[in-house]
Amino acid sequence: MLASCQVICWVGILFLFSLVLSTWCECCTYSAVSPLPWQSELNSFLWTIKRDPPSYFFGTIHVPYTRVWDFIPENSKKAFQQSHIVYFELDLTDPYTISALTSCQLLPQGENLQDVLPRDIYRRLKRHLEYVKLMMPSWMTPDQRGKGLYADYLFNAIAGNWERKRPVWVMLMVNSLTEVDIKSRGVPVLDLYLAQEAERLRKQTGAVEKVEEQCHPLNGLNFSQVIFALNQTLLQQESLRAGSFQIPYTTEDLIKHYNCGDLSSIIFNHDTSQVPNFINATLPAHERITAQEIDSYFRQELIYKRNERMGRRVKELLEEYPDKSFFFAFGAGMWLR
């Protein structure tokens, strides 16, 4: 259940959003809560919608909230506290959301991955998952074990029933089964923590998207594109295991940039999409075309169409409730392109 939340938690850049709301938004500079005084000069990820009462956009990242909470400026926290209504991408505290996320990842009834994947890819996938399961006890932290979170349970929570999942969701699952990601499990990501806090404070909450609107674009890739993406993901993980590949941007890099108030879009786009970028100069020409087609498809479906839809709904909410203060918590990367 937790794994389903974290796998799906990606969001596009609100380019069209900024056009719809450009007359209302003002990027503000705030003081960071930090032991380092120079951070007070850096940007936070809070934008004010100028009206009475004011509303806010707040940029989150999908990492354990404990890694970033002390660096979030006090006035960002105050805006959250004082708002009447809090909106997220999806309502991750709603049992229906979790159930729907799980269902949309499954193959049609009666089908298994072994039936649909090429034999070689299926064998490599199974071998990699066996490796992850073997390594996971050594990846766990003492704190996780102290909370009763054990390797077998965690592996089953993330990869359980993997043979029934659609290949595209298995690709995302494999991409998240890394040592760094495993060490972060068991602590709510920032988005989920804010949702839980809003619920605790008895705030009205909502979501600007439906589960189906996030699921269907991923399920819309054609079979050859999905096989290409899964193969590239496995190649990357196999190279990481062999020590012949290094990820350009790590989760630690992401956290550092966020805590320092760095508004650079380059690194935040990695957290935003949750979909690996397969375009690289080493690919043969025909595979590079496939990678570009996938990139183009996701940009259209997960950024442009999605941004327009989300922007329209936010605008409708602001117009319908002019006397309410909203706090919209979406992925930080959406504001940076």
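Excluded from the calculations below are hydrogen atoms, water molecules and symmetry mates; all remaining heavy atoms, backbone and side chain alike, are included.
- Applying the side chain to side chain contact (heavy atoms under 4.5 Å, CB included) criterion to H84, with sequence neighbours excluded, gives P53, K324, S325.
- Around atom NZ of K126, no more than 12 heavy atoms belonging to other residues, nucleotides or ligands sit under 6.0 Å away.
- In this pair, F328 and F57 present their aromatic rings tilted. The plane angle is within the 30 to 60° band.
- Side-chain N/O atoms of S184 and D181 include no donor and acceptor closer than 3.5 Å.
- Looking at R124 and N231, their side chains do bring a donor and an acceptor atom within 3.5 Å of each other.
- Among residues two or more places apart in sequence or in another chain, the side chain to side chain contact (heavy atoms under 4.5 Å, CB included) test is passed with D91 by T93, D94, T97, A207.
- At a threshold of 4.5 Å between side-chain heavy atoms, the hydrophobic network of Ile, Leu, Val, Met, Phe, Trp and Tyr places V116 and L106 in two separate groups.
- Using cut-offs of 30° and 60° for the angle between ring planes, the Y321 and F326 rings count as tilted.
- Within the 3.5 Å criterion, the main-chain N or O of R299 finds no donor-acceptor partner in the side chain of K305.
- Counting only distance, with no hydrogens or angles, the side chain of E319 and the backbone of E316 share no donor-acceptor pair below 3.5 Å.
- Here P118 pairs with I121, I227 under the side chain to side chain contact (heavy atoms under 4.5 Å, CB included) rule; sequence neighbours left out.
- In summary, of the residues considered (V174, L113, N156), a side-chain contact (heavy atoms from CB on, under 4.5 Å) with W162 occurs for L113 alone.
- Not less than 6.0 angstrom separates the ring centroid of F58 from the ring centroid of Y56.
- Neither I182 nor Y150 shares a network with the other; the hydrophobic side chains, linked directly or stepwise wherever heavy atoms of I, L, V, M, F, W or Y lie under 4.5 Å apart, form separate groups for each.
- Not less than 6.0 angstrom separates the ring centroid of F330 from the ring centroid of F88.
- More than 12 heavy atoms of other residues, nucleotides or ligands lie within 6.0 Å of CZ in R166, so this atom counts as buried by the packing criterion.
- Taking every heavy atom of both residues into account, Y297 and P217 meet most closely at OH-O, 2.6 Å.
- At distances below 3.5 Å, at least one donor-acceptor pair connects side-chain atoms of Y258 with backbone N or O atoms of G59.
- Partner R313 forms a salt bridge (charged side-chain N to carboxylate O under 4.0 Å, His left out) with one of E209, E213, E320, E308 and no other, that one being E213.
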